[in-house]
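Following: one structure in structure tokens, then a few remarks.
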Protein chains: 2
Amino acid sequence: MEKSSNEELSETAITAWAQLLRSSQNLLANIEAELKSKKMPPLSWYDALLELRNQKTNRLRPFELQKRMLLTQYNMSRLIDRMARDGFIECLDCNEDKRGKIVHITQSGRALLRKMWPIYRLAIINGFASKLDESEIDKLSEILLKITVTED
Amino acid sequence: MEKSSNEELSETAITAWAQLLRSSQNLLANIEAELKSKKMPPLSWYDALLELRNQKTNRLRPFELQKRMLLTQYNMSRLIDRMARDGFIECLDCNEDKRGKIVHITQSGRALLRKMWPIYRLAIINGFASKLDESEIDKLSEILLKITVTED
DNA sequence: TCAATGTAGATGCAACTGCAACTATCTGCT
DNA sequence: AGCAGATAGTTGCAGTTGCATCTACATTGA
């Protein structure tokens, strides 16, 4: 099932597309590099921990976490392994569903969030926020929202 | 040397940032998946071949190609290995600099560009261009341009 | 001229990702 | 009850990426 399309694709659209790819890749790479230079784990660890902390119960099932982040199931499985190995999360038995388990953020995980945030924050400011004014940021959000896939 | 910053970082800016990451990741993942489902190589092969074809001489040194794409040196080295293995490029001796070599797009490489473009094009239309009007595309370009690192 | 330093590119090894297959459990249906 | 899917999660293996290091050639400068 594929949306048709002999539709137009303007030069400007291609350029915009290329710019979108480039700028996000670029910013992301800078942030990862910044984190690494400070001996911090990658951004995905931050994202995962943040999702967990945002739950009132501080916990999620792997498949729930997986949907919130854009990760495949096996990558989620392994991310959990690594974060658990380093003590930032812990895995509990799930009694409601014996197939599954429950991922829970630890104190150490919370501490990591606190340590990573200033670095992340600064990178967002320097690479992104400080270069745009309020109205541009709003407009950008608005536009990006329109290309966000909203199926699920 | 790090740009200072106790600067503000608004909620809206964080949201916009998150949206930028998400949408580009998402679109990119869709395109890669689309290509893969059609048994095509990844987008980076397309990019590299396109850069080569855009040269009047159809060739570039690896380090030049590397700067144009956002790739590390070793990843470029290996990308070249793979594309050469599959016959889409060929590597020639470089007489001006005996350390280096010259990467040249083959007929087969050009053919690959032609085969990949319709798929790529359609994905850009469906995931991106068709969801925005002209003025939004312009505005997006304009905004993204401002956060593009322009050093070098 | 030749030593010091810089640049182009490759590569061994470890970590990470993708794919396909696998186990274990759950759900729906007859 | 009991079987046919569907779903949660894991894992072996192959391919890819990151890091550090290495070779070879180029450039600079005393």
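Chain identifiers are assigned alphabetically (A, B, ...) following the order of the sequence lines, protein sequences preceding nucleic acid strands; residue numbering begins at 1 within each chain. None of these values were measured; they are calculated from a predicted model.
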**Heavy-atom donor-acceptor pair, B/Thr106 side chain to B/Phe88 backbone, under 3.5 Å** = yes
**Request:** Give a yes/no on whether any side-chain N or O of B/Asn75 is located under 4.0 angstrom from OP1 or OP2 of D/dG18.
**Result:** yes
**Asked** Roughly how many Å is it from CG in A/Leu43 to C1' in C/dC16, rounded to a whole number?
**Response** 16 Å
**Prompt:** Where the side chain of A/Ser77 meets the backbone of A/Gln73, is there a donor-acceptor pair that is under 3.5 Å apart?
**Reply:** no
**Asked** For B/Leu79 and D/dT17, what is the distance between atoms CG and P respectively, to the nearest whole Å?
**Response** 8 Å
**Item:** Main-chain N/O of B/Arg99 paired to B/Asp97 side chain as donor or acceptor, under 3.5 Å
**Value:** yes
**Prompt:** Just by protein heavy atoms under 4.0 Å, how would nucleotides 8-15 of chain C read 5' to 3' in B, S and -?
**Reply:** SBBBBB--
**Request:** Write down the distance between CG (B/Leu70) and C1' (D/dT17), rounded to a whole number of angstrom.
**Result:** 16 Å
**Asked** Got A/Gln19 and B/Leu145 here, is their nearest side-chain heavy-atom distance under 4.5 Å?
**Response** yes
**Item:** For atom CG of A/Leu65 and atom P of D/dA8, their distance in whole Å
**Value:** 14 Å
**Prompt:** Any side-chain N or O of B/Lys36 under 4.0 Å from OP1/OP2 of C/dC19?
**Reply:** yes
**Request:** Taking side-chain contact (heavy atoms from CB on, under 4.5 Å) as the test, write out the residues that go with A/Glu134, two or more places apart.
**Result:** A/Asp138, B/Ser10, B/Thr12
**Request:** Specify the separation, in whole Å, of atom CG of A/Leu71 and atom C1' of D/dA8.
**Result:** 16 Å
**Message:** Under a 4.0 Å threshold between the charged nitrogen and the carboxylate oxygen, would A/Lys139 count as salt-bridged to A/Glu142?
**Reply:** yes
**Message:** Rounded to whole Å, how long is the line connecting atom CG of A/Leu92 with atom C1' of D/dG9?
**Reply:** 16 Å
**Request:** Nearest whole angstrom, please: distance from the P of D/dT17 to the CD of A/Gln25.
**Result:** 12 Å
